[in-house]
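Just so it is clear, the structure is predicted and the values come from calculations on it, not from any experiment.
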Amino acid sequence: MSHIAIIGGGQAGAALAAKLRQLGHDGKLTLICGEDVLPYQRPPLSKKYLMKEMAREQLYLRPERFYRDHEITLIHGRQVSAIQPGSRQIKLAGNTISYDKLALTTGASPRLLPAAMGGDLPGIHAVRTLADTDRMAPEFRPGQRLLIVGGGYIGLEAAAVAARLGLHVTLAEMAPRILQRVAAPETSDFFRDLHRAHGVEIREDARLQRLRPGNGITAEFADGPECVADFVIIGIGVLPNDDLAAAAGLACDGGILVDAQGRTSDAHIWAAGDCTRLPYRGARIRLESVQNAIDQAEAVAANMLGHAQDYIPKPWFWSDQYDVKLQIAGLNTGYDRVIIRPGKSPESRSHWYFRGETLLAVDAMNDPRGYMIGKRLIEAERSPLPDQVANPDFDLRELL
């Protein structure tokens, strides 16, 4: 019987394994997890789990008995050292596994500061794994001084948790504004005001020079005063884990290159999730989201079994900060206009991204109705007129 192996025990790997069994794969199935823990969800790590509002067991995507009942062999805490496509073998420490088909769901790793900038000092943390969060959690005590380097969603979520727990928080963003890479100035303004209202010091255009030890950790900036912190969180993005694939000779370019069905440059190897660069509307993109990890992985599972169906991403994202739920539909790349639409309450609004007359994306803050309408319009490739969006009395549901 055919043996399918999966390298990577995150959201994509777990979803792929489950879908293979659901679709009727009755051969051997192995899921190799680099971490010594059951596959778990990552988004709560910087929110509910860090706030101690979620127990470790609640993070697990499936209980252990699920893998046992579905005859999915879990290999915990083992790092793959090499893939040999010619012989279809996976090399682990002291072990070799043969496969008929292989899926790579190796995810991504956080960008870190170089040692020359103080990136290896004690008290410097990243937020990616369960171990990362467990390691930093004891630092989240009232009165502690926290410096967050990076004004993306991970950094802002950590800032919100820390501020709610009574820490003194400074967030430094090198770009001229927070969320510059992913959102319009209107969304940046909204979240800057939100965080400042909760006591977070936001420094933009803050070019970090280095971190040095002393009485805590001192951050030196090219312009502006030094900042002294008890600990530091680095949130400056992630890099795709494509080293194994590249070493095995698979085509990589800022991620593992896959076709519309998730197949790599090797006919027997597929890939899904944060580690991939996939086709989307005539370009290649990486999607760092739970939605893509699950949907792409499930599409890959079907295609590994011969279904031959193209995966068409339908991007959506979310972020929880204080009492604000941000929901995002679509990708705003290439927008030239943003329309602000009031919600049903003073605390809710949505930002609608257009390129010409085409709706690209929606950022909805405490506005689930605006989000769902925008999401359905984008997925149906239908665009309201900008004037209709700008008119709060116009019911966009008429367009569905």
Sub-3.5 Å donor-acceptor pair from the side chain of [X] to the main-chain atoms of [Y], do we have one?
| X | Y | answer |
| --- | --- | --- |
| Asp132 | Thr129 | yes |
| Asn303 | Gln309 | yes |
| Thr264 | Leu250 | no |
| Arg196 | Ile202 | yes |
| Asp367 | Lys344 | no |
| Tyr60 | Pro39 | no |
| Asn391 | Asp387 | no |
| Arg128 | Ala108 | yes |
| Gln321 | Glu157 | no |
| Arg78 | Ala93 | yes |

Basic-acidic side-chain contact under 4.0 Å: [X], [Y]:
| X | Y | value |
| --- | --- | --- |
| Arg145 | Asp230 | yes |
| Arg277 | Asp242 | no |
| Arg212 | Glu226 | yes |
| Lys47 | Glu53 | no |
| Arg207 | Asp223 | yes |
| Lys325 | Asp320 | yes |

Cluster link [X] to [Y], ILVMFWY, side chain under 4.5 Å:
| X | Y | result |
| --- | --- | --- |
| Ile148 | Leu194 | yes |
| Ile83 | Ile4 | no |
| Leu385 | Ile378 | no |

[X] and [Y]: which non-hydrogen atoms are nearest, and at how many Å?
| X | Y | value |
| --- | --- | --- |
| Ala183 | Tyr153 | CB-OH, 4.2 Å |
| Pro225 | Arg203 | O-NH1, 2.7 Å |
| Ala219 | Leu147 | CB-CD2, 3.5 Å |
| Pro368 | Gln327 | CA-OE1, 3.6 Å |
| Ala14 | Leu61 | CB-CD1, 3.8 Å |
| Gly151 | Leu156 | O-CD1, 4.0 Å |

So, taking the atom named [atom1] in [X] and the one named [atom2] in [Y], what distance separates them when rounded to the nearest 0.5 Å?
| X | Y | atom1 | atom2 | answer |
| --- | --- | --- | --- | --- |
| Leu396 | Met372 | CG | CE | 13.5 Å |
| Leu74 | Thr30 | CG | OG1 | 9.0 Å |
| Ile256 | Leu244 | CD1 | CG | 8.5 Å |
| Gln11 | Leu16 | CD | CG | 12.0 Å |
| His70 | Arg65 | NE2 | CZ | 11.0 Å |
| Glu139 | Leu50 | CD | CG | 11.5 Å |

Note to self: If you take the centroid of each ring, where Trp contributes its six-membered ring, are Tyr322 and His195 closer together than 6.0 Å?
What the structure shows: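 Between Tyr322 and His195, which both carry aromatic rings, the centre distance is below 6.0 Å.
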Are side-chain heavy atoms of [X] and [Y] found at a separation under 4.5 Å?
| X | Y | answer |
| --- | --- | --- |
| Leu360 | Thr333 | no |
| Gln84 | Lys91 | yes |
| Ile90 | Ile32 | yes |
| Ile75 | Leu31 | no |
| Phe190 | Leu326 | no |
| Val169 | Glu201 | no |
| Met51 | Leu165 | yes |
| Ser383 | Glu357 | no |

Notebook entry, point to check: Given the rule in the salt bridge (charged side-chain N to carboxylate O under 4.0 Å, His left out) test, do Glu64 and Arg68 qualify, once you have shown the distances and angles that lead to the verdict?
Noted result: CA-CA 7 Å; Glu64 189 168 9; Arg68 184 172 59 251; 5.2 Å; no
Next item on the list: Scan residues 201-260 for pairs that pass ring-ring contact (aromatic ring centres under 6.0 Å, His included), counting only residues two or more places apart or in two chains.
Entry: Phe140-Phe231
Is it true that, when you exclude [X] itself, more than 12 heavy atoms of the residues, nucleotides or ligands shown sit nearer than 6.0 Å to its [atom1]?
| X | atom1 | answer |
| --- | --- | --- |
| Asp395 | CG | yes |
| Glu57 | CD | yes |
| Ile312 | CD1 | no |
| Asp323 | CG | no |
| Gln209 | CD | yes |
| Arg263 | CZ | yes |

Next item on the list: For salt bridge (charged side-chain N to carboxylate O under 4.0 Å, His left out), just list the numbers for Arg177 and Asp189, CA-CA rounded to whole Å, side-chain angles, deciding distance to a tenth of an Å, and then say yes or no.
Entry: CA-CA 9 Å; Arg177 60 180 174 87; Asp189 294 345; over 6 Å; no
Notebook entry, point to check: Checking side chain to side chain donor-acceptor pair (under 3.5 Å) for the pair Tyr353/Asp363: CA distance, chi angles, key distance, verdict?
Noted result: CA-CA 8 Å; Tyr353 296 79; Asp363 295 343; 2.5 Å; yes
Note to self: Listing request: all salt bridge (Lys or Arg N to Asp or Glu O under 4.0 Å) pairs with a residue in residues 293-318, at least two apart in sequence or in separate chains.
What the structure shows: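 Pairs touching residues 293-318 that pass the test: none.
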Next item on the list: For the residue pair Tyr311 and Asn292, confirm or rule out a side-chain donor-acceptor distance under 3.5 Å.
Entry: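 Yes.
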Margin query: The test is salt bridge (charged side-chain N to carboxylate O under 4.0 Å, His left out); show your working for Arg192 and Glu204 and say whether it passes.
Written below: CA-CA 10 Å; Arg192 183 190 305 108; Glu204 294 166 311; 3.0 Å; yes
Next item on the list: Determine, stepwise, if the pair His268 / Arg88 fulfils side chain to side chain donor-acceptor pair (under 3.5 Å).
Entry: CA-CA 8 Å; His268 302 284; Arg88 295 190 212 169; 2.9 Å; yes
Next item on the list: Check the pair Tyr40 / Glu35 against side chain to side chain donor-acceptor pair (under 3.5 Å), numbers first and verdict last.
Entry: CA-CA 10 Å; Tyr40 60 88; Glu35 297 178 62; 2.7 Å; yes
Margin query: Which residues end up grouped with Ile340 if you chain together Ile, Leu, Val, Met, Phe, Trp and Tyr wherever their side-chain heavy atoms are less than 4.5 Å apart?
Written below: none
